[in-house]
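Shown next, in structure tokens, is the structure this report addresses.
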Amino acid sequence: MKMKTKSRKGFTLTELLVGIIASAIIIFATGIIIVRGQTFWNEAWKKVNLQRDASYAMLVMSQSIKSAADVKLEAGGKAIRVTDAAGNTTRFQLNNGQDTLQRQVVPGPPSAIVDDVQNLQFNVDDVNDTVTIDLGLQDGDVQTYFVSTVMIRN
């Protein structure tokens with residue numbers, strides 16, 4: 001005697017619901033990983049850009065100071081006037097009330113070197129012929145600080 005078995009075609013409602021919930025969890029977890037990765041990437045990119053900008057600003061200022069014949073502090077150490085052996089004068093300062101470091105080749109107009117400056121302080125040591133530059137940049141919650149001592153090679 002032959003017994004007839006019932007064949008199943010398709011999924012039950014329970015199997016379908018379990019599959020949908022499992023898929024939703026996997027998609028949600030993948031989304032979280034992608035968003036977190038993008039956030040970390042953006043923060044790292046901001047740090048790299050700030051480091052690059054601060055490094056460039058320090059390079060420009062230190063090259064000018066190294067070739068100086070005379071260095072004078074202005075605005076309580078917030079600005080510096082550098083005069084080379086040929087008599088050319090360059091002034092480094094923050095623009096009025098803003099966060100842009102400017103270089104002005106006197107008597108010309110100032111030009112921006114770097115934005116997002118949080119702190120700029122100069123200190124001249126006449127005994128050792130050195131200038132200390134303290135530069136801090138901030139972009140949102142990302143910060144970087146550079147301190148450099150430059151010897152005047154007049």
Side-chain angles (χ1 to χ4, degrees), residues 15-154:
E15 291 171 335
L16 188 59
L17 287 176
V18 169
I20 289 173
I21 291 172
S23 298
I25 290 172
I26 291 171
I27 291 170
F28 183 70
T30 304
I32 289 175
I33 291 169
I34 290 171
V35 167
R36 289 280 199 163
Q38 186 68 35
T39 302
F40 290 139
W41 175 266
N42 288 340
E43 286 180 21
W45 191 249
K46 275 185 185 179
K47 288 178 185 178
V48 166
N49 282 335
L50 279 181
Q51 290 281 335
R52 185 198 63 219
D53 290 348
S55 180
Y56 173 72
M58 293 296 269
L59 175 70
V60 169
M61 290 187 289
S62 55
Q63 283 178 342
S64 184
I65 291 168
K66 284 178 185 176
S67 64
D70 185 39
V71 176
K72 293 193 176 160
L73 289 179
E74 297 179 350
K78 298 287 184 187
I80 192 167
R81 184 178 295 267
V82 179
T83 306
D84 64 14
N88 302 317
T89 301
T90 304
R91 187 168 192 260
F92 295 97
Q93 66 180 9
L94 286 176
N95 63 344
N96 293 331
Q98 296 192 13
D99 63 352
T100 302
L101 174 61
Q102 295 180 328
R103 172 178 56 186
Q104 178 183 13
V105 179
V106 178
S111 61
I113 296 176
V114 68
D115 294 326
D116 300 322
V117 177
Q118 176 189 7
N119 178 45
L120 177 65
Q121 185 69 42
F122 297 99
N123 186 19
V124 176
D125 182 354
D126 292 325
V127 174
N128 297 319
D129 283 335
T130 60
V131 176
T132 302
I133 307 167
D134 184 0
L135 176 66
L137 290 138
Q138 180 172 359
D139 183 8
D141 58 344
V142 179
Q143 301 176 16
T144 187
Y145 292 97
F146 277 44
V147 177
S148 180
T149 302
V150 181
M151 180 168 273
I152 302 170
R153 298 181 189 165
N154 50 2

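These numbers come from a predicted model, not from an experiment.
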(message) Are the side chains of Phe92 and Val60 in contact, using a 4.5 Å heavy-atom criterion?
(response) yes
(request) State which residues pass side chain to side chain contact (heavy atoms under 4.5 Å, CB included) with Asn128; sequence neighbours excluded, sorted by chain then number. (result) Asp125, Thr130
(request) State the CE-CG distance between Met58 and Asp134, to the nearest 0.5 angstrom. (result) 8.0 Å
(request) Indicate the atoms forming the closest heavy-atom contact of Gln102 with Pro110, along with that distance. (result) OE1-CB, 3.6 Å
(message) With heavy-atom distances below 4.5 Å as the criterion, would you say the side chains of Asn119 and Lys78 are in contact?
(response) yes
(request) Determine whether Leu137 and Phe146 make a side-chain contact, defined as any pair of heavy atoms from C-beta on separated by less than 4.5 Å. (result) no
(request) Compare every heavy atom of Met61 with every heavy atom of Ile133, then report the nearest pair and how far apart it is. (result) CG2-CE, 3.8 Å
(request) Taking all heavy atoms of Leu135 and all of Ala54, pick out the closest pair and write down the distance. (result) CD2-O, 3.9 Å
(message) Would you compute the distance between atom CG of Asp141 and atom CD of Glu43 and round it to the nearest 0.5 angstrom?
(response) 6.0 Å
(message) For a 4.5 angstrom cut-off between non-hydrogen side-chain atoms, does Lys66 reach Val150?
(response) yes
(request) Report yes or no: does Ser111 contribute a side-chain atom to a donor-acceptor pair with the main-chain N or O of Arg103 at less than 3.5 Å? (result) yes
(request) Evaluate the criterion side chain to side chain contact (heavy atoms under 4.5 Å, CB included) for residue pair Ile32 and Arg36; output intermediate values, then yes/no. (result) CA-CA 6 Å; Ile32 289 175; Arg36 289 280 199 163; 4.3 Å; yes
(request) Output, in order, the C-alpha distance, side-chain angles, deciding distance and verdict of side chain to side chain contact (heavy atoms under 4.5 Å, CB included) for Leu50 and Val142. (result) CA-CA 8 Å; Leu50 279 181; Val142 179; 3.7 Å; yes
(request) Using modelled atom types only, decide if a donor and an acceptor are shared between the side chain of Ser55 and the backbone of Gln51 within a distance under 3.5 Å. (result) no
(message) Using the side chain to side chain donor-acceptor pair (under 3.5 Å) criterion, which residues pair with Ser64? Sequence neighbours excluded.
(response) none
(request) Starting at CG of Asp99, measure out to CG of Asp116 and round the result to the nearest 0.5 Å. (result) 5.5 Å
(message) According to side chain to side chain donor-acceptor pair (under 3.5 Å), who are the partners of Asn123, at least two apart in sequence or on a separate chain?
(response) none
(request) Under the side-chain hydrogen bond (donor to acceptor under 3.5 Å, both in side chains) rule, what do Ser67 and Asp84 come out as? Steps first, then yes or no, please. (result) CA-CA 6 Å; Ser67 64; Asp84 64 14; 5.4 Å; no
(message) Could you check whether any side-chain heavy atom of Gln118 comes within less than 4.5 Å of a side-chain heavy atom of Gln143, counting everything from C-beta outward?
(response) yes
(message) Between Ile65 and Ile152, does the side chain to side chain contact (heavy atoms under 4.5 Å, CB included) criterion hold? Intermediate values first, please.
(response) CA-CA 6 Å; Ile65 291 168; Ile152 302 170; 4.1 Å; yes
(message) As an exercise, state the distance from OH of Tyr145 to CD of Gln138, rounded to the nearest 0.5 Å.
(response) 6.0 Å
(message) How long is the straight-line distance from CZ of Arg81 back to NZ of Lys72, given to the nearest 0.5 Å?
(response) 9.0 Å
(request) Report the distance from atom CD1 of Ile80 to atom CG of Leu73, rounding to the nearest 0.5 Å. (result) 5.5 Å
(message) For a 4.5 angstrom cut-off between non-hydrogen side-chain atoms, does Asn88 reach Val105?
(response) no
